[in-house]
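What follows is one structure encoded as structure tokens, with my remarks underneath.
Below, chain A is the first sequence line, B the second, and so on; all start at residue 1. Keep in mind that what you see is a predicted model, and the values were worked out from it rather than measured.
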Amino acid sequence: MATQYGIKFAIHLITNHFGNLVAKVCENLLRHGPLTLDQLIHYTELSKEQVKNSLLVLVQHNCAQAFVPEPEDDGSRLRIRTEYMALFDNIIHRLRFPKFLEIVSRKLDEECVELLDGLLRDGRLTLKQMVDRASQGKENAVATNAVREILCKLLAARFVERCPAPEPVVSTSFKETTTRKRGAKSAKIFEAPETLEQRVIFAAVPGDGIRFSLTPDTGSNVDGETNSDDAQMSVEENVEFGAEEEKILWRANFEEFIRHLRRKVLVENVRAQHDDGTATVLNAVLEATRTVERKVKMDNSVPLSLDTIVTEVMKTDTGRTMTIDRIRASLGQLGCSQRMIVDDSYSIDLKKIIERARNEEVESIVLKRYGRDAYRMFRLLSRDGDFHDTDQIAASTLVEKKEAPKLLHKLWNDNYLYMEKIPVTGARMQNTSITMWKVNKPLLWEYVLDEMYHAALNLNLRMAFEQEKDEELLNVPKDKLKEPGPLQKKYKRLLNVWLLLGSSLMKLDDALMLFHDF
Amino acid sequence: MSVLAGKRKRQELASSLSATLSNEERVVYNIIRGRKEMGIWQGDIKRETNIPDSLMKKSIKMLLAKTLIKEVVNIQNKSKKVLMAAEFEPSKEITGGEWYTEGKLDTQLIEALSDVCMKLILRQKVSTREGILDWIRKVGTEIFPGGVSAGQVEQILKVLVLENKVQEVNSTGFGDFASVPAGEVCYRLAKKTAVGVKVGAMASFPCGVCPRINACTPDGVISPTNCQYFEKWLDF
């Protein structure tokens with residue numbers, strides 16, 4: 001479920017990219033959840049044509065998905081009503097396109113970057129459209145085979161995938177239980193239920209065999225894996241292959257990009273906390289299990305034997321210098337102690353590394369906003385996760401006893417701490433209570449994430465404001481801006497402002513992913 | 001001095017004193033002494049006896065003059081001075097513990113001890129708690145004339161860990177850890193000490209540290225377009 005400012009930020013991005021009409025449709029989908037076409041027309045008060053076209057834009061750019069709810073009883077079977085849902089994650093991913101392109105430019109080549117750029121700009125493309133795109137502005141048309149080869153490379157790396165089924169049938173009967181769970185905000189354990197969004201996405205994604213396979217006739221994907229179910233489907237699709245290839249729509253596989261970014265964050269955090277050697281070991285383990293990972297948010301790495309890990313580590317430039325003892329020590333630092341190892345396989349707790357990084361981000365906010373004393377107290381509570389009373393906190397963190405309650409209340413007031421008052425009944429202490437404090441991480445993280453979306457929206461709005469303010473500069477010929485004078489000074493300032501706002505937004509986006517996608 | 005001997009001595013002292021004290025003074029003294037290291041506030045004495053106010057004040061003055069009792073600053077409430085028999089050391093609840101001097105947190109002591117710990121860890125790269133304590137006892141007697149307890153060093157290390165200046169790690173026995181047996185708890189400087197704590201994405205621009213973010217809306221009185229913090233930040 002997206003947070004309040006998450007939705008505002010998503011709508012802002014859609015308005016910027018596709019205009020007000022599309023944004024209005026998107027806003028209603030985000031706020032109300034899945035809606036039918038009629039409902040959308042009712043809520044938006046737009047014409048049927050306008051809503052339809054807006055939906056087409058959203059689907060084209062992978063920001064919305066249609067699905068058919070599975071009929072619950074025989075009575076409703078007669079009327080199949082397609083519903084539409086906004087894909088919040090995909091909307092926010094639009095902010096990250098430069099990062100995705102950067103990954104491909106690092107891992108593959110410029111031709112792949114160009115093809116992916118087209119997919120990101122246009123949302124979904126067939127092979128033919130890709131060829132047309134590549135041929136634009138060139139004297140001779142680019143050969144289909146050449147483009148197919150580039151696509152193949154992207155598919156092999158799983159950076160591109162087939163578009164999901166347009167209207168999967170999805171059972172929605174579990175809906176009631178999840179809404180109830182969502183309401184129980186005070187619950188201490190905050191288990192994220194499977195959302196309808198996840199169900200729809202899962203139902204729409206083709207099996208791995210098809211998802212990354214260029215040709216539907218072989219039933220094998222580029223990795224050479226075969227899957228009997230997919231093969232079955234392929235036979236059906238094989239009829240009239242030529243026409244089929246025309247129809248297949250391709251798009252960027254956001255999941256793979258997010259997995260890449262997550263892996264980078266994991267490795268870099270380990271490097272900062274421990275050393276290069278340990279980072280090398282973690283990187284090798286993740287690289288080796290890349291294709292086996294089922295989802296992005298893996299709690300633990302896929303178990304590997306020490307032999308396999310050693311082989312993988314020694315494949316890398318930095319790992320070649322490491323001895324087995326050194327590798328074992330690094331695994332120890334990653335939390336794989338000898339006792340935990342069952343049948344000689346090592347699995348690294350990735351969730352813990354992500355948690356640590358989240359803690360660091362929140363702590364740095366606390367330090368800057370509330371000062372060093374508050375920082376110590378917050379870290380004490382955050383690290384042990386239990387309730388502590390005011391005096392105990394002051395004593396353990398060496399904060400002046402009178403100052404401690406003031407700071408704690410401030411943190412509580414801003415939602416950074418959770419507080420409970422426990423009444424004390426005794427002969428001499430009437431009407432007194434002990435105040436207990438703790439850091440409730442799931443709640444705090446949700447709150448911080450919302451603040452981050454708010455901040456991201458602010459950065460975006462400020463960027464637009466600065467641009468508007470100096471609009472006349474953009475109409476001035478470039479030569480004039482090169483001449484020294486007030487115009488040049490203004491222009492230089494605008495460039496600096498853009499650079500600062502832009503880089504802050506990209507850095508903030510890393511934090512958004514840390515709290516939402518990783 | 002054994003507990004028994006101390007008790008006997010106090011009893012002797014009390015009996016020899018009782019001869020020189022007036023009736024009221026004796027009653028007040030006994031109440032104060034009965035509270036041992038917790039002491040008692042003047043107002044509470046009044047509630048326990050029916051001695052007139054002026055007489056009680058006089059008695060307390062006399063007892064103070066005879067150095068049988070003393071006044072102690074109470075950390076819980078500095079205006080409520082606590083009276084305590086001279087032979088007792090005020091309890092932790094009253095003084096606030098070993099980090100408090102005269103009812104105030106002794107920040108100088110904390111800073112000095114933190115400094116010494118950081119310097120030693122910087123020099124040794126990896127240190128154990130015992131190592132640090134031994135070193136302070138060997139060379140730090142001038143800086144800490146009162147001496148330093150093992151508990152104090154332990155707490156300072158904990159605070160340094162909370163401040164993210166020092167990391168608590170288990171020795172691997174390799175590299176910097178070579179001097180410490182593998183598996184033993186030891187301390188080393190946190191990596192980022194040179195530049196301070198790692199600044200997060202939020203904390204590096206105004207919104208992340210904005211005290212008014214909850215009041216800020218796109219079209220509100222406080223908004224990103226009229227924000228003073230932004231104005232300052234983007235002033236090139």
Chain B: which of [options] shares the most heavy-atom pairs with it under 4.5 Å?
| options | value |
| --- | --- |
| K507(A), R326(A), R376(A) | R376(A) |
| M452(A), H12(A), M506(A), E468(A) | M452(A) |
| L500(A), L461(A), N415(A), T397(A) | L500(A) |
| N460(A), L459(A), L380(A) | L459(A) |
| L501(A), V497(A), D391(A), I365(A) | V497(A) |

Check ion pair [X]-[Y] (N to O, under 4.0 angstrom):
| X | Y | result |
| --- | --- | --- |
| K406(A) | E403(A) | yes |
| E231(B) | R462(A) | yes |
| R383(A) | E168(B) | no |

Please flag which part of [X] lies under 4.5 Å from any non-hydrogen atom of chain B: side chain, backbone, both or neither.
| X | value |
| --- | --- |
| V399(A) | backbone |
| D510(A) | neither |
| L457(A) | side chain |
| D325(A) | both |
| E466(A) | side chain |
| Y5(A) | side chain |
| A395(A) | backbone |

Given the options [options], which has more heavy-atom pairs under 4.5 Å with chain A than any of the others?
| options | answer |
| --- | --- |
| N170(B), I156(B), L105(B) | L105(B) |
| P206(B), C216(B), S204(B), P211(B) | C216(B) |
| I213(B), T217(B), N214(B) | I213(B) |

Short side-chain to backbone donor-acceptor contact, [X] and [Y], under 3.5 Å:
| X | Y | result |
| --- | --- | --- |
| R358(A) | L514(A) | yes |
| Q124(B) | I132(B) | no |
| N269(A) | I354(A) | no |
| R379(A) | L162(B) | yes |

key: Geometric class of the H409(A)/W412(A) ring pair [parallel <30°, tilted 30-60°, perpendicular >60°]   = perpendicular
ask   = Under 30°, 30 to 60°, or over 60°: which ring-plane class applies to H516(A) and Y453(A), parallel, tilted or perpendicular?
value =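 If you compare the ring of H516(A) with that of Y453(A), the planes turn out perpendicular.
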Is it the side chain or the backbone of [X] that comes within 4.5 Å of chain A heavy atoms, both, or neither?
| X | answer |
| --- | --- |
| V161(B) | both |
| C210(B) | backbone |
| L234(B) | both |
| P218(B) | both |
| D235(B) | neither |

inquiry  = Please determine whether salt bridge (Lys or Arg N to Asp or Glu O under 4.0 Å) holds for the pair D44(B) and R35(B), giving the CA-CA distance in whole Å, both sets of side-chain angles, and the decisive distance to 0.1 Å.
reply    = CA-CA 11 Å; D44(B) 289 335; R35(B) 288 301 183 83; 5.3 Å; no
inquiry  = Distance alone, cut at 3.5 Å: any donor-acceptor contact between the side chains of Q333(A) and T278(A)?
reply    =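 Distance-only check passes for Q333(A) and T278(A).
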ask   = Does L95(A) reach the side chain of F9(A), with side-chain heavy atoms less than 4.5 Å apart?
value =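 A side-chain contact exists here, since the closest heavy-atom pair is under 4.5 Å.
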